[in-house]
Amino acid sequence: MNRQPLKILFVTSEVYPLIKTGGLADVSSGLPLALNASGHDVRIIIPAYKTALKNAGRTKIKLKTVGDSSIRLLEGKLPNSQVPIWFVDSPELYYRNGGPYGASNGIDWPDNAERFNTFNQVAYQIAANKLELDWQPDIVHCNDWQAGLVPAYLSIEKQRPATIFTIHNLAYLGLFPKQTFGQLSLNKKWWNYDKLEFHNNFSFLKGGLVYSDFINTVSPTYARQILTSEFGYGMEGLLAYRQNRLSGILNGIDEEHWNPETDKLITQNYNYETLSNKSQNKQALQKHFKLPVDAEKPIIGVIGRMVEQKGFDLIQNILPSIMQHNVQVVMLGSGDSLLETSLLSCMHQYPYNISIEIGYNESLAHLIEAGSDMFLMPSRFEPCGLNQFYSLKYGTVPIVNNTGGLADSVVDTYAETIENQTATGFKLFDATPEALLSAITRALTTFNSRDDWNQIIRNGMRQDFSWTSSAQHYVSLYHDAIKCQG
Ligand code: ADP
């Protein structure tokens, strides 16, 4: 089998630690780092957002102009690594206060189609070797709708690299109206239902689904689920048509950053053998959230975007019922303002048991993972999810809905899985308040059987979630794409 080092252009709209809104950023550093460690020449390309440039530190000018435009290409390094990052620098499009997709009030930038089309055009020109960079990739790995037009642009080239399109979340189709299609002067042939057109709009994501050599998503279960109308967001027919080019590869985690043995953001480090040290994190967590310090009381942690997808409405629904169990609940996140308000009103009702912090706080997220006993993820759908991996690694037992990557990474607890030492968490099999309550009740009952509980914790902690094995699956996929290309 040919296992030569590959040249890979990794096209993404966010990368940790430069700019992050969700799991895509974590994948966009974890996977390139693992590929680089195994000898591949991987280069990341992102828009030169103000925040990203600030966090990147030193950059140099790689290209003074891209073609005859006023766009520059800057080059930096992924912090603490040798992985090059190219920044598409167009200040009027990317150099703004706010997030990568919208202003700080949460409203999308009105020119997102132009912003990401420009980004895609530059990535395409590099991939097609049009910019005299003396470097052409073998593989262009495009991620989510923000990179969806790259495979479409490349499809017209005779000599082109192979393309992979990864779906991190199919809920975001990158939809824009017909008028925008005209304004961007996109290829008129693309205005067709079997190309980019989607119910009289057009979808960036469809560019990736139609034109890439291979499509993958971030867990085997989600790869199957998106073939159904329940999870397919209208793309299920197209995905079924391309099913022989569709697969699922579970994400890994950055084990340097998320490791209870070395984590600098938690109060006390611990591992499999020094599990009792976890209690100091629990105490720190209770203090941080101004809850009574009590080593015996189970704490349930929750972190995430407060949106319906993540099941925060289900959590809100069952909070009063679980209060009967004498537990503490700590929550960190932000999102839907109605959900935020109703969760906060629960907190005011039970000030000694529920504490919520609205906002984004990386170090508090680490302390919640380290200090909680259980971690709740009742997502309605979850392409992969990351927090269940962190929870397993930190000896914090996950309670998850059996969907997507959660289904693939957590083993439910019942007599047989306790007996054969494979149980790692608790699952609900229906995204309803009743099912959630029943899973939490099972977890709380098992919490009191200390031997079983400690066994479940250890089963989770001893698993390997490093990127190394996921990266090997990607390399195989890259080789398949090179073989089948064209
Ligand atoms: P998604 O990408 O759908 O938001 P994931 O579970 O794949 O969900 O990844 C979310 C990532 O963002 C995790 O690393 C999680 O810890 C982090 N995260 C989400 N919300 C917050 C928050 N409010 N504060 C700190 N980290 C957060």
Side-chain angles (χ1 to χ4, degrees), residues 12-31 99-101 104 106 143-146 166-172 217-219 221-222 231 248-260 263 265-266 285 288-289 301-312 315 330-337 339-340 343-344 355-372 375-394 396 398-401 403-410 465 467 470:
T12 182
S13 55
E14 44 185 282
V15 57
Y16 180 84
L18 305 189
I19 181 114
K20 169 169 168 175
T21 69
L24 170 61
D26 294 323
V27 176
S28 300
S29 55
L31 177 56
Y101 317 123
S104 19
N143 294 278
D144 272 352
W145 75 262
Q146 295 89 345
T166 301
I167 303 166
H168 298 265
N169 192 338
L170 193 57
Y172 301 98
T217 183
V218 286
S219 68
T221 296
Y222 192 61
F231 296 96
I249 301 176
L250 208 56
N251 286 337
I253 61 169
D254 176 350
E255 288 194 315
E256 286 206 359
H257 191 58
W258 287 97
N259 181 350
D263 192 334
L265 299 173
I266 64 177
L285 185 64
H288 177 93
F289 275 100
V302 192
I303 305 169
R305 291 183 290 119
M306 287 180 173
V307 293
E308 222 190 64
Q309 178 206 331
K310 301 285 179 186
F312 272 89
I315 298 176
V330 297
M331 249 184 246
L332 167 66
S334 62
D336 186 304
S337 56
L339 267 175
E340 286 179 7
L343 285 164
L344 286 171
S355 189
I356 300 174
E357 192 161 312
I358 300 293
Y360 190 93
N361 185 337
E362 186 78 24
S363 49
L364 183 56
H366 284 246
L367 186 63
I368 292 176
E369 287 293 4
S372 302
F375 193 90
L376 218 49
M377 286 182 87
S379 310
R380 289 193 164 77
F381 69 94
E382 194 61 82
C384 179
L386 288 169
N387 277 115
Q388 81 278 19
F389 292 122
Y390 304 151
S391 302
L392 291 166
K393 188 98 196 142
Y394 280 66
T396 300
I399 303 170
V400 305
N401 187 24
T403 188
L406 300 174
D408 295 337
S409 52
V410 176
F465 303 115
W467 265 104
S470 304

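In this text the structure is predicted, and so the values were computed from the model without any measurement. Residues: numbered from 1 along the sequence shown. Order of listing sets the numbers, starting from 1, for every ligand and every atom in it.
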(request) Looking only at protein heavy atoms, identify the closest one to atom 27 (C) of ligand 1 and say how far it is in Å. (result) Tyr360 CE1, 3.3 Å

(request) Taking only heavy atoms of Gly333 into account, list the atoms of ligand 1 that are under 4.0 Å away from them. (result) 23 (N)

(message) Under a 4.0 angstrom heavy-atom cut-off, which atoms of ligand 1 come close to Asp26?
(response) 14 (O)

(message) What protein heavy atom lies closest to atom 12 (O) of ligand 1? Include the residue and the distance to one decimal.
(response) Lys20 CE, 3.6 Å

(request) State, yes or no, whether a side-chain contact exists between Trp467 and Asp26 at a heavy-atom distance under 4.5 Å. (result) no

(request) Specify the protein heavy atom at minimum distance from atom 4 (O) of ligand 1: its residue, its atom name, and the distance to 0.1 Å. (result) Arg305 NE, 2.8 Å

(request) Could you tell me whether Trp258 and ligand 1 have an N or O pair separated by under 3.5 Å? (result) no

(request) Could you label the plane-to-plane angle of the Tyr16 and His257 rings as parallel, tilted or perpendicular, counting under 30° as parallel and over 60° as perpendicular? (result) tilted

(message) Would you say that Thr217 contacts Thr166 through its side chain, given a criterion of any heavy-atom pair below 4.5 Å between the two side chains?
(response) no

(message) I'd like to know if Glu369 pairs up with Lys393 as an ion pair, taking the criterion as any Lys NZ or Arg NE/NH1/NH2 lying under 4.0 Å from an Asp or Glu carboxylate oxygen.
(response) no

(message) Looking only at side-chain N and O atoms, does Glu14 offer a donor or acceptor that is under 3.5 Å from a partner on Thr21?
(response) yes

(request) Taking atom types as modelled, find out whether Asp263 and His366 have a side-chain donor-acceptor pair closer than 3.5 angstrom. (result) yes

(request) Indicate yes or no: does an N/O atom of Lys310 lie under 3.5 Å from an N/O atom of ligand 1? (result) yes

(message) Under 3.5 Å between any N/O of Asn361 and any N/O of ligand 1: does that happen in this structure?
(response) yes

(request) Please could you name the atoms of ligand 1 that Tyr390 approaches to less than 4.0 Å, counting only its heavy atoms? (result) 14 (O)

(request) Measure the distance from atom 15 (C) of ligand 1 to every protein heavy atom, then report the residue, atom name and distance (to 0.1 Å) of the closest one. (result) Asn387 OD1, 3.2 Å

(message) Within ligand 1, which atoms have a heavy atom of Gly359 less than 4.0 Å away?
(response) 22 (C), 23 (N)

(message) Please tell me whether Tyr390 and Gln388 have a donor and an acceptor in their side chains that are separated by less than 3.5 angstrom.
(response) no

(request) Would you mind running through ligand 1 and noting each atom that sits below 4.0 Å from a heavy atom of Gly304? (result) 19 (C), 20 (N)

(request) Using the side-chain hydrogen bond (donor to acceptor under 3.5 Å, both in side chains) rule, take Ser13 and Tyr101 through it: C-alpha gap first, then chi angles, then the decisive distance, then the call. (result) CA-CA 9 Å; Ser13 55; Tyr101 317 123; 2.8 Å; yes

(message) Once you restrict to heavy atoms under 4.0 Å, what part of His168 touches ligand 1? Side chain, backbone, both or neither.
(response) neither

(request) Check each heavy atom of Leu364 against ligand 1 and say whether those closer than 4.0 Å belong to the side chain, the backbone, both or neither. (result) neither

(message) Which residue is it: Asn251, Val218, Thr221, Ile167? I am looking for the one with a side-chain contact (heavy atoms from CB on, under 4.5 Å) to Pro383.
(response) Val218

(request) Identify the two heavy atoms, one from Asp408 and one from Ser219, that lie closest to each other, and give their separation to 0.1 Å. (result) OD2-CB, 3.4 Å

(message) For ligand 1, which is the ligand I care about here, please tell me if Met377 has any N or O atom under 3.5 Å from one of the ligand's N or O atoms.
(response) no

(request) Give the atoms of ligand 1, by number and element, whose distance to some non-hydrogen atom of Gly22 is under 4.0 Å. (result) 2 (O)

(request) Identify the residue among Val15, Asn169, Thr12 that makes a side-chain contact (heavy atoms from CB on, under 4.5 Å) with Leu24. (result) Thr12

(request) Examine the proximity of ligand 1 to Ile303 and report which part, side chain or backbone, both or neither, has a heavy atom under 4.0 Å away. (result) side chain

